[in-house]
Amino acid sequence: MPRWTCGIGGCDAAFDDVESAIVHQTDDHRRHECKVCGTIVPDGYFAIRHAFDEHTRAEFVRAYDADSAAVRRREEIKREIEGEVDLQRVVDELDRDV
């Protein structure tokens, strides 16, 4: 049974590994414009990673009208993915698609 689901805009695509889920998010969904700085990033994991690596939690809360539960959920997703992901494999797969 697949462990990873996309979750972007109700997308229920499911994957056995996190790398495939991230590649799907990057290739099959629209880009996301960061409401804090305007940077365009792939939606899903890369958008969460950008938000929390580049901005403060307070900036995220203000820009997205989020609450602490939304912050905690995204931090949990980020932590879970980063505990398993082989980012070099993601990069290699995305490079093959170009």
Original post:
What do the steps show when you test W4 against V85 for side-chain contact (heavy atoms from CB on, under 4.5 Å), and what is the final call?
Top reply: CA-CA 11 Å; W4 299 93; V85 71; over 6 Å; no
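- Rounding to the nearest 0.5 Å places NE2 of H55 at 10.5 Å from CZ of F60.
- With sequence neighbours left out, R73 forms a side chain to side chain donor-acceptor pair (under 3.5 Å) with E76.
- To the nearest 0.5 Å, atom CG of residue D86 and atom CD of residue E93 are 9.0 Å apart.
- Under the 4.5 Å side-chain criterion, counting only non-hydrogen atoms from C-beta, R49 is not in contact with E54.
- In terms of the ring pair (Phe, Tyr, Trp, His ring centres under 6.0 Å) criterion, residue partners of H24 (sequence neighbours excluded) are, by chain and number, F15, H29.
- Atom OG1 of T39 is separated from atom CD of E33 by 8.5 Å, given to the nearest 0.5 angstrom.
- Put simply, the side chain of Q25 gets close to the backbone of C6: a donor and an acceptor are under 3.5 Å apart.
- Rounding to the nearest 0.5 Å places CD1 of I48 at 8.5 Å from CG of D43.
- The two atoms that bring K35 and Y64 nearest to each other are N-OH, 3.0 Å, heavy atoms only.
- Under a 3.5 Å cut-off, the side chain of R57 and the backbone N or O of F52 do form a donor-acceptor pair.
- With sequence neighbours left out, the side-chain contact (heavy atoms from CB on, under 4.5 Å) criterion links D65 to no other residue.
- Under the rule for a side-chain contact (heavy atoms from CB on, under 4.5 Å), the partners of T26 that lie at least two apart in sequence or sit in another chain are I22, R31, P42, F46, L94.
- Taking each heavy atom of A63 and V36 in turn, the nearest pair found is CB-CG2, 3.6 Å.
- Taking the side chain to side chain donor-acceptor pair (under 3.5 Å) definition, one finds that E19 meets it with R89, sequence neighbours left out.
- I77 and I8 end up in different hydrophobic clusters when Ile, Leu, Val, Met, Phe, Trp and Tyr side chains are linked at under 4.5 Å.
- Residues satisfying the side-chain contact (heavy atoms from CB on, under 4.5 Å) criterion with T5, sequence neighbours excluded, are A14.
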